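Everything quoted here is computed from the prediction, not taken from an experiment. Position 1 is the first residue of the sequence, and the numbers go up from there. For ligands, and for the atoms within them, numbers begin at 1 and follow the listed sequence.
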Amino acid sequence: MRNPHDSQNLALVTTPAVELEAEADLTRCGALKDFWYVACLSTELIAKKPLARTLFGTQLVLFRDEHGRPAALRDRCLHRNARLSAGDVFHGRIGCPYHGWVYDASGAVVEVPSLGPQQCGEALDAQGHARAGLKVRPCDLGKLRRFDTLEQDGLVYVFMGGDSSRARRPAFRVPYWGHPEWTVYFMVTRFPNGVTNLAENFMDVPHTVFVHEGWFREVARKRVPATVKRFDGSVLVTYGQEQDTVTGLGRLFNPGGLPMVHTDHYFIPNVTRVDYMWGDRSGFAINSQITPIGPTDSLVYTAISYRLPYDLPRALVARALRPLVKWYTTQVIRQDVDIMKVQREGLLNGSGGGVFSGTEADLLHADIEAYRRWLLEGGLGPGPGDEERDIVFWI
Ligand code: FES
Ligand SMILES: [Fe+2]
């Protein structure tokens with residue numbers, strides 16, 4: 001006999017939780033574009049070199065204007081569509097590598113070398129120009145699409161949704177940036193997966209005992225109670241297991257064996273922040289800002305912030321340990337890159353990719369998906385309501 005809930009269950013399990021294509025397409029991503037996204041590190045944008053970046057499938061060229069401020073333009077010359085990012089930057093302007101058209105930071109054409117010193121057509125009259133669809137002067141040629149930019153906490157952000165006064169949130173602040181007690185460094189990693197799957201991975205404790213076995217946590221059959229709080233466009237998970245230990249570098253951060261306070265926090269649409277604190281003198285925060293390149297490719301800007309409990313010259317100890325911390329975090333990130341590739345291979349294998357199932361341990365992922373789906377569909381109304389629930393899972 002047919003179970004009366006069958007049709008309902010069927011409807012539930014065939015709805016994709018993640019729509020990879022739409023989420024990473026500027027014309028279909030709804031309100032997901034109405035946020036600031038990291039385009040590069042400040043240190044990557046040097047004076048004379050343009051930088052090519054792809055966000056939401058759209059190619060941009062980034063460079064610094066004459067005041068050193070970041071500029072972002074569509075990476076396609078108005079003339080014959082060559083990529084401007086293959087050109088040069090001089091005096092805050094960018095020159096196309098093909099015929100040398102020069103653009104300023106507003107996207108306006110300011111020089112066309114073939115027009116000579118007058119910068120004006122000489123032989124054809126106005127009608128002759130118009131008949132052939134040609135322009136007389138550089139200023140008649142129109143403008144490249146430009147995107148608003150912002151530089152903050154060592155990062156260059158770009159706004160893909162038009163006028164940035166429409167941004168739904170201010171750009172995310174890097175944890176402990178500029179705090180003298182803390183050391184902060186960045187890692188930039190290309191991940192072979194989309195934003196939703198990456199945000200879920202960065203907030204996911206159960207995978208650590210499999211993907212990072214021996215590096216991070218060991219399988220110890222521990223029961224982990226946690227509280228999942230969904231509020232104000234964020235999902236905060238507070239883990240209630242005080243004896244939780246992280247192996248590897250954990251011992252370095254916690255020589256006194258203090259209880260560890262662990263929280264994971266997701267912020268719409270693309271940011272996660274993981275904090276481990278031992279007492280008030282030692283901590284480790286991993287902040288990941290995920291920038292969509294395309295459906296299954298992202299650039300992740302990870303800020304690692306840490307503070308060590310040792311008394312004597314703290315900065316010296318932190319600096320001395322930096323290569324070790326960096327090496328360790330690189331290994332852990334590599335393992336996540338590999339598993340995200342494995343997930344991508346499954347997702348793209350035939351139809352039905354993106355249809356997920358889960359248990360109590362996946363409540364936080366369902367919350368992330370609810371927020372992202374709401375934004376994908378235009379982000380109208382107040383969005384998913386506030387909720388606080390307890391869960392238990394085992395690692
Ligand atoms: S294609 Fe850019 S100047 Fe010709
Ligand atoms: Fe991981």
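- The pair Glu151-Arg64 counts as a salt bridge, with a side-chain nitrogen and a carboxylate oxygen less than 4.0 angstrom apart.
- Side-chain contact check for Tyr276 versus Tyr306: every heavy-atom pair is 4.5 Å or farther apart.
- Taking backbone and side-chain atoms together, Asp336 has an N/O/S atom less than 2.8 Å away from the Fe ion (ligand 2).
- Protein nitrogen, oxygen and sulfur atoms, that is N, O or S, within less than 2.8 Å of atom 4 (Fe) of ligand 1 amount to 2.
- Within His207, the N/O/S atom positioned nearest the Fe ion (ligand 2) carries the name NE2.
- Using a 4.5 Å heavy-atom threshold, the side chains of Tyr301 and Val174 count as separate.
- By the 4.0 Å N-to-carboxylate-O rule, Arg146 lies too far from Asp104 to be salt-bridged with it.
- Checked for salt-bridge contact, Asp148 and Arg166 miss the test: no charged N lies under 4.0 Å from a carboxylate O.
- Cation-pi geometry between Arg168 and Trp374 is satisfied (NZ or CZ under 6.0 Å from the ring centre, within 45° of the ring normal).
- In this structure, Arg281 does not pair ionically with Glu181, as no charged nitrogen and carboxylate oxygen lie closer than 4.0 Å.
- The Fe ion (ligand 2) sits nearest to atom NE2 when only the N, O or S atoms of His212 are considered.
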